[in-house]
Amino acid sequence: MQGFPDNRAVSALFRVFGGAGSRQLGEASRRAEAGALHRAEWLFFSTAVPLMILVAVGEGLVKGLGPIWGGLLTLPAAFVAWTIFPFVVGGATAVWQWRRWLIVLTVWAVWRRNAGGIIGAFAWGWLGVFAVNLIAMLMLAWRATMLWKGKAGIAWRMVIAIVLHGLALVIGLRFGWGWALLTGASLSSLWCWGVLSPTSQWFGPMRRRLDDDRVLITIDDGPDPRDTPAMLDLLDERGLKAIFFVIGEKVRAYPELAREIIKRGHELGNHTLTHPQATFWCASPWRTRREISGCNQAIEEITGVKPKWFRAPVGHRNFFTHPITAGLGLEIMAWTRRGYDAVSTDTPKILQQLLEGNQPGDIFLIHEGTPIALDVLKGVLDGIKAQGWDKEPAKF
Ligand SMILES: [Zn+2]
């Protein structure tokens with residue numbers, strides 16, 4: 001599970017977008033060697049802060065001494081201020097000093113925002129910097145809430161849902177119902193992204209790739225009386241292990257197959273009791289719990305093994321999935337490669353989508369119980385052999 005990246009960023013913005021593992025800023029987010037600050041952030045602050053001091057000092061001097069003397073003294077006075085103020089501003093570390101500058105200059109910008117002309121422009125520019133940091137702070141707070149004790153509980157999430165709806169209501173009463181609608185629509189689209197995007201971590205963490213340089217095959221929607229035995233033989237031939245994300249009802253229908261998967265050294269993952277692929281994204285907390293714990297029960301009763309992994313039907317978790325999986329000791333697993341083999345029968349195209357541009361750490365999603373299941377598995381096994389990634393079975 002990823003915690004907060006220890007990037008020693010000054011501002012919330014960089015903490016969100018410049019963190020280790022984040023690619024948004026590419027090279028710019030590499031740490032500056034001295035002080036372990038982000039190079040881009042260090043450049044920004046070391047340019048912007050003196051510039052703002054120059055503007056603030058210059059304004060005061062020009063007002064007090066007139067344009068000629070004020071203008072002449074601005075540069076040296078700003079330099080002296082820039083040298084002395086850090087002691088006044090304080091801060092135990094370089095990071096905290098920059099952070100205090102951010103606050104000091106924001107106070108100045110609020111005070112001078114109506115000054116007009118160049119001073120007003122600088123003040124508004126700095127308020128813009130503060131605004132994007134504020135948004136980033138809210139994002140960090142959201143993330144901390146969703147990771148709280150590894151799981152913000154169901155009751156807590158209900159409170160959050162009610163507060164957000166209340167927010168739209170308050171905005172409607174205060175500013176008119178058009179704004180309420182806009183707020184509601186924005187919140188809904190954020191919610192849809194968190195629920196429908198299979199790799200989104202809006203509502204909690206999930207395993208999205210392996211940490212090492214191997215690859216992992218995951219096989220969903222079984223066990224299947226036709227495909228499972230043949231797939232197990234294929235995997236044995238190559239000496240590879242997989243995770244079978246099985247459906248609870250099918251485990252009860254074909255208990256021998258579930259036991260055989262474990263016997264041959266593979267893992268069983270939880271893929272819900274009935275695979276409600278059209279409605280899991282909007283299921284109530286109670287139904288979500290029934291689906292997940294029902295599948296766990298089926299697997300445990302029949303094989304004696306407690307699953308470690310959960311995968312939502314078509315990857316659609318809902319707002320209440322994380323607290324339930326965490327309570328059952330399950331970690332959610334997504335995937336990096338899929339070929340839509342459950343909806344298409346065009347095997348060459350499916351294999352191309354699965355194998356083109358593979359990287360170490362990839363998690364393959366394939367299905368059983370389809371007319372082409374064996375061809376797809378064989379193609380993937382051939383593909384990773386050709387890429388040299390079948391040397392040892394993946395460990396999870
Ligand atoms: Zn499925």
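Computed over heavy atoms, backbone and side chain alike; hydrogens, waters and symmetry mates excluded.
With hydrogens and angles disregarded, no donor-acceptor distance shorter than 3.5 Å links the side chain of His275 to the backbone of Ile247. Distance alone, capped at 3.5 Å, places no donor-acceptor pair between the Thr325 side chain and the Glu331 backbone. At distances below 3.5 Å, not a single donor-acceptor pair connects side-chain atoms of Arg311 with backbone N or O atoms of Gly269. A donor-acceptor pair under 3.5 Å is absent between the side-chain atoms of Arg143 and the main chain of Gln201, judged by distance alone. Judged purely by atom type and a 3.5 angstrom limit, Asp227 uses its side chain to pair as donor or acceptor with the backbone of Gly369. No side-chain donor-acceptor contact under 3.5 Å links Ser344 to the backbone of Tyr340. The main-chain N or O of Leu169 is never found under 3.5 Å from a side-chain atom of Arg174 such that the two would form a donor-acceptor pair.
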Stepwise side-chain contact (heavy atoms from CB on, under 4.5 Å) check, Leu240 with Ile384: CA-CA 11 Å; Leu240 287 176; Ile384 62 173; 3.9 Å; yes

Verdict with reasoning, Met146 to His322, per side-chain contact (heavy atoms from CB on, under 4.5 Å): CA-CA 9 Å; Met146 291 295 122; His322 275 90; over 6 Å; no

Steps toward side-chain contact (heavy atoms from CB on, under 4.5 Å) verdict (Ile261, Leu232): CA-CA 7 Å; Ile261 292 171; Leu232 288 171; 4.2 Å; yes

Derivation and outcome, salt bridge (Lys or Arg N to Asp or Glu O under 4.0 Å), residues Lys306 and Glu300: CA-CA 5 Å; Lys306 193 172 182 289; Glu300 279 186 72; 5.3 Å; no

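Contact check on Lys241 versus Glu267 returns no salt bridge, with no Lys/Arg side-chain nitrogen under 4.0 Å from an Asp/Glu carboxylate oxygen. With respect to Glu249 and Arg252, no salt bridge is recorded, no charged nitrogen being found less than 4.0 Å from a carboxylate O.
Side-chain contact between Val251 and Pro223 is present, with at least one heavy-atom pair separated by less than 4.5 Å.
Evaluation of the side-chain hydrogen bond (donor to acceptor under 3.5 Å, both in side chains) rule for Arg264 yields Asp233, Asp236, Glu260 as partners, not counting sequence neighbours. Qualifying side-chain hydrogen bond (donor to acceptor under 3.5 Å, both in side chains) partners for Arg337, counting only residues two or more places apart in sequence or in other chains: Asn358.
Other residues, nucleotides and ligands place no more than 12 heavy atoms under 6.0 Å from the CH2 atom of Trp69. Trp111 CH2: 12 or fewer foreign heavy atoms inside a 6.0 Å radius. Other residues, nucleotides and ligands place more than 12 heavy atoms under 6.0 Å from the CZ atom of Arg338. Summarising the local packing, CG of Leu173 is surrounded by more than 12 heavy atoms from other residues, nucleotides or ligands at distances under 6.0 Å. In the displayed structure, Ile118 atom CD1 is contacted under 6.0 Å by at most 12 heavy atoms of other residues, nucleotides or ligands. In Trp335, the CH2 atom is crowded: over 12 heavy atoms of neighbouring residues, nucleotides or ligands sit closer than 6.0 Å.
Each of Ile372, Thr347, Asp220 was checked for a side-chain contact (heavy atoms from CB on, under 4.5 Å) with Asp341, and the lone residue meeting it is Ile372. When each of Leu381, Leu374, Asp382 is checked for a side-chain contact (heavy atoms from CB on, under 4.5 Å) with Lys378, only Asp382 meets the rule.
Here the closest heavy-atom approach between residue Ile302 and residue Ala258 is recorded as CG2-CB, 4.3 Å.
Ring geometry for Trp191 against Phe203 counts as tilted: the plane angle lies between 30° and 60°, on a 0 to 90° scale. A tilted orientation is assigned to the rings of Phe280 and Phe310, their planes being inclined by 30° to 60°.
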Under 3.5 Å, which donor-acceptor pairs do the side chains of residues 58-65 form with other protein atoms, sequence neighbours left out?
| residue | atom | partner | partner atom | Å |
| --- | --- | --- | --- | --- |
| Glu59 | OE1 | Arg112 | NE | 3.3 |
| Glu59 | OE2 | Arg112 | NE | 3.1 |
| Glu59 | OE2 | Arg112 | NH2 | 2.3 |

